[in-house]
Engineer: 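Have a look at this one.
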Amino acid sequence: MAMPTDTTGACQTNTILKEFKEFDDTKAGVKGLVDSGIGKIPEFFIQPQELLPKSSEVAPPSLQVPIIDLEAIHKDADSYKQIVQELKQASESWGFFQLVNHNLPKDLLDEVIKGIKEFNEGNKDVKEKLYSRDIKKKVSFASNLSIYQMSAANWRDTLNCLFDDSLDPTEIPLVCRDAFMKYREGLLPVAETLYELLSVALGLPSDHIRGMNCAKTQIFVAHYYPPCPEPQLTLGTSTHTDPSFVTFLLQGSLGGLQILHDDHWVDVTPIPGALVVNIGDLLQLASNDKFKSIKHRVLANTRGPRISLATFLVPAFDKKKPFGPIKELLSDKNTPLYKEVLATDYLKSYVSKGLNSSALSYFKL
Ligand code: OGA
Ligand code: NI
């Protein structure tokens, strides 16, 4: 694999890559390292100084991402309008919000987190068998899939699961299978409601986004962030934007997720039972920059494990339909800012560049 040497991409010496390879070959992930009792983190986890958190960039704790409460959605026309207005504001200026009263029971969300915990802390053979860097696999487990495009590894292990019409559920590890299936089933109607509200917020007919088939495939990315002995030297997840249309995130109870808002990092404080939602690159593109795909990261921590599940909603991969700014939004005053792109090509370019820079700029006109 070609190795870029600029400061934004990978800049790794052969020794570090060799050490990463040895770590990768254990198939035990970061949890395996922690279990072996290390007191210092291996060098390939140490981030360059400029990518580590700086105290001067921390937002005051009073600054919080907006909360969108769906409770009154069916009450009356005024309540509906109010929710749309809040969602519009949140999507334009924050790109992130916490959704409450969305109808998914808290018990189910807790069950999902518990299933991910049990998978990571359970039978080592099951994890080893699933360990793979082949992104064509529907279900796989790996630590740092995009390591070869990154400046340093992240302190986490990840179970990936691609839900589309052809997924055989028995491929999903047994300890989290039921919870994943139920969560997916419950999430799809929430996504439909959100797409309706987003359509109205953009001034489009309420079924417009649903008609774009942007929830056809759901990529479950289940992270396990073990406690870290030197959290100030590394990151749980490097700064990135999501390549999705929309992402739903269950972040467990430990905190650590931060988003970049007005050049400051804002903590996304866990709210029990809430779903964190963010606008992905593909919705920024479709909305012609009206809605924003915002940079975010996860801090490493001595407490832990921290467990989360990001669900990327993306358009169907098999569709040959190009994806571009929504035509109905365009006018002489709002000319297209992006080229049309196939969703699968977008994801490919995202994977090839790693987490450190946004793929959206490649598609700017
Ligand atoms: C992601 C992500 C945040 C988290 O997987 O894209 O941003 O809390 N995850 O794990
Ligand atoms: Ni993300």
Side-chain angles (χ1 to χ4, degrees), residues 68 70 87 90-91 94-99 102-104 108-109 112 135 138-139 158-167 172 179-202 204 206-223 240-251 257 259 274-287 290-294 296 308-319 321-326 341-351 358-360:
I68 306 286
L70 294 182
L87 180 68
S91 307
W94 283 85
F96 262 82
F97 49 90
Q98 304 222 44
L99 202 60
H102 43 63
N103 262 344
L104 275 175
L108 174 58
L109 308 187
V112 171
I135 56 167
K138 295 244 154 124
V139 179
T158 306
L159 172 67
N160 297 286
C161 187
L162 192 147
F163 277 95
D164 60 11
D165 295 339
S166 66
L167 175 71
I172 305 169
F180 276 20
M181 300 295 287
K182 276 194 260 165
Y183 176 69
R184 178 196 185 222
E185 202 181 302
L187 196 63
L188 289 178
V190 182
E192 286 221 349
T193 303
L194 180 68
Y195 283 2
E196 176 190 310
L197 295 166
L198 287 168
S199 301
V200 179
L202 284 168
L204 297 164
S206 61
D207 59 354
H208 191 100
I209 292 180
R210 193 180 329 147
M212 290 164 61
N213 267 332
C214 287
K216 269 283 181 205
T217 305
Q218 307 95 40
I219 307 174
F220 277 33
V221 184
H223 301 296
H240 67 285
T241 61
D242 290 351
S244 57
F245 193 76
V246 158
T247 304
F248 282 90
L249 178 80
L250 256 184
Q251 73 151 335
L257 173 66
I259 73 165
L275 289 167
V276 177
V277 182
N278 64 291
I279 307 296
D281 293 349
L282 289 174
L283 178 50
Q284 176 168 336
L285 186 148
S287 72
K290 188 131 181 82
F291 292 166
K292 304 291 188 310
S293 176
I294 293 297
H296 51 286
S308 68
L309 172 62
T311 303
F312 295 162
L313 301 191
V314 294
F317 285 131
D318 50 349
K319 282 261 152 57
K321 226 171 112 193
F323 194 90
I326 296 170
V341 52
L342 287 176
T344 88
D345 291 345
Y346 193 79
L347 281 180
K348 271 190 220 142
S349 87
Y350 183 88
V351 170
S358 169
L360 257 186

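The basis for the numbers below is simple: all heavy atoms, side chains too, and nothing from hydrogens, waters or symmetry mates.
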Engineer: Under 3.5 Å, which donor-acceptor pairs link side chains of residues 308-315 to any protein atom two or more places apart or in another chain?
Structural biologist:
none

Engineer: Write out all pairs satisfying salt bridge (charged side-chain N to carboxylate O under 4.0 Å, His left out) with one or both partners inside residues 276-286, taking only residues at least two apart or from two chains.
Structural biologist: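 Applying salt bridge (charged side-chain N to carboxylate O under 4.0 Å, His left out) to every pair that reaches into residues 276-286, excluding sequence neighbours, yields nothing.
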
Engineer: So, using side-chain contact (heavy atoms from CB on, under 4.5 Å) as the criterion, who are the partners of Asn103 when residues are at least two apart?
Structural biologist: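 So Asn103 forms no side-chain contact (heavy atoms from CB on, under 4.5 Å) with any residue.
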
Engineer: Start with the C-alpha distance between Leu198 and His208, add both sets of side-chain angles, then the distance that settles side-chain contact (heavy atoms from CB on, under 4.5 Å), and finish with yes or no.
Structural biologist: CA-CA 9 Å; Leu198 287 168; His208 191 100; over 6 Å; no

Engineer: In Å, rounded to the nearest 0.5 Å, how long is the span from CZ of Phe220 to CD1 of Ile172?
Structural biologist: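 Here the interatomic distance stands at 8.0 Å.
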
Engineer: Tell me, please, which residues at least two apart from Phe323 pass ring pair (Phe, Tyr, Trp, His ring centres under 6.0 Å).
Structural biologist: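 For Phe323, no residue satisfies ring pair (Phe, Tyr, Trp, His ring centres under 6.0 Å) once neighbours in sequence are set aside.
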
Engineer: Taking all non-hydrogen atoms of both residues into account, name the closest pair between Leu202 and Ser287 and its distance.
Structural biologist: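 Smallest heavy-atom distance, with atoms named: CD2-CB, 4.1 Å.
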
Engineer: Kindly say whether Ser293 contributes a backbone atom to a donor-acceptor pair with the side chain of Gln284 at under 3.5 angstrom?
Structural biologist: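 Flag set: sc Gln284 to bb Ser293 pair under 3.5 Å.
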
Engineer: Quick one: closest heavy-atom pair of Ile294 and Gly95, and the distance?
Structural biologist: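 Closest approach of Ile294 to Gly95, heavy atoms only: CG1-CA, 3.8 Å.
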
Engineer: Find the distance between CG (Leu204) and CD (Glu196) and round it off to the nearest 0.5 Å.
Structural biologist: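 It comes to 12.5 Å.
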
Engineer: Taking ring pair (Phe, Tyr, Trp, His ring centres under 6.0 Å) as the test, write out the residues that go with Tyr195, two or more places apart.
Structural biologist: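 Tyr195 satisfies ring pair (Phe, Tyr, Trp, His ring centres under 6.0 Å) with Phe245 once adjacent residues are dropped.
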
Engineer: What is the distance from atom CZ of Phe163 to atom CD of Glu185, rounded to the nearest 0.5 Å?
Structural biologist: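 Output value for this atom pair is 10.5 Å.
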
Engineer: Within a reach of under 6.0 Å around CD1 of Ile135, are more than 12 heavy atoms found that belong to other residues, nucleotides or ligands?
Structural biologist: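 Counting neighbours around CD1 of Ile135, 12 or fewer heavy atoms of other residues, nucleotides or ligands fall under 6.0 Å, so no.
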
Engineer: Please give me the minimum heavy-atom distance between Ala274 and Leu250, naming the atom from each residue.
Structural biologist: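 Residues Ala274 and Leu250, closest heavy atoms: O-CD2, 4.4 Å.
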
Engineer: Do other residues, nucleotides or ligands put more than 12 heavy atoms under 6.0 Å from the NZ atom of Lys292?
Structural biologist: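 Enclosed: over 12 neighbouring heavy atoms sit under 6.0 Å from NZ of Lys292.
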
Engineer: Which heavy atom in Leu108 sits nearest to a heavy atom in Ala179, and how many Å separate them?
Structural biologist: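 Looking at all heavy atoms of both residues, the closest pair is CD1-O, 4.1 Å.
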
Engineer: Does a side-chain heavy-atom distance below 4.5 Å link Lys182 with Val112?
Structural biologist: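 When only atoms from C-beta onward are counted, Val112 and Lys182 do not touch, as no gap falls below 4.5 Å.
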
Engineer: To the nearest 0.5 Å, what is the distance between OH (Tyr183) and CG (Leu104)?
Structural biologist: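 Those atoms lie 6.5 Å apart.
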
Engineer: Run the side-chain contact (heavy atoms from CB on, under 4.5 Å) check on Leu167 and Leu162 step by step: do they pass?
Structural biologist: CA-CA 7 Å; Leu167 175 71; Leu162 192 147; over 6 Å; no

Engineer: Begin from the C-alpha positions of His102 and Leu194 and carry the test side-chain contact (heavy atoms from CB on, under 4.5 Å) through to its verdict.
Structural biologist: CA-CA 10 Å; His102 43 63; Leu194 180 68; over 6 Å; no

Engineer: Just how far is it from atom CG of Leu257 to atom CD of Gln251, taken to the nearest 0.5 Å?
Structural biologist: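 Here the rounded value is 5.0 Å.
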
Engineer: Nearest 0.5 Å, please: how far is CD1 in Ile259 from OG1 in Thr241?
Structural biologist: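 Thr241 atom OG1 to Ile259 atom CD1 measures 13.0 Å (nearest 0.5 Å).
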
Engineer: Taking only residues two or more places apart in sequence, or in another chain, which ones meet His296 in a ring pair (Phe, Tyr, Trp, His ring centres under 6.0 Å)?
Structural biologist: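 Only Phe96, His240 meet the ring pair (Phe, Tyr, Trp, His ring centres under 6.0 Å) criterion with His296.
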
Engineer: Quick one: which of Val276, Asp242, Val277 gives a side chain to side chain contact (heavy atoms under 4.5 Å, CB included) with Leu249?
Structural biologist: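 Exactly one pass, corresponding to Val276.
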
Engineer: Over all heavy atoms of both residues, which pair between Phe291 and Ala201 is shortest? Give the atoms and the distance, please.
Structural biologist: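 The answer is CZ-CB, 4.1 Å.
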
Engineer: Shortest non-hydrogen contact from Gly186 to Val190?
Structural biologist: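 For Gly186 versus Val190, the nearest heavy atoms are O-CG2, 3.4 Å.
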
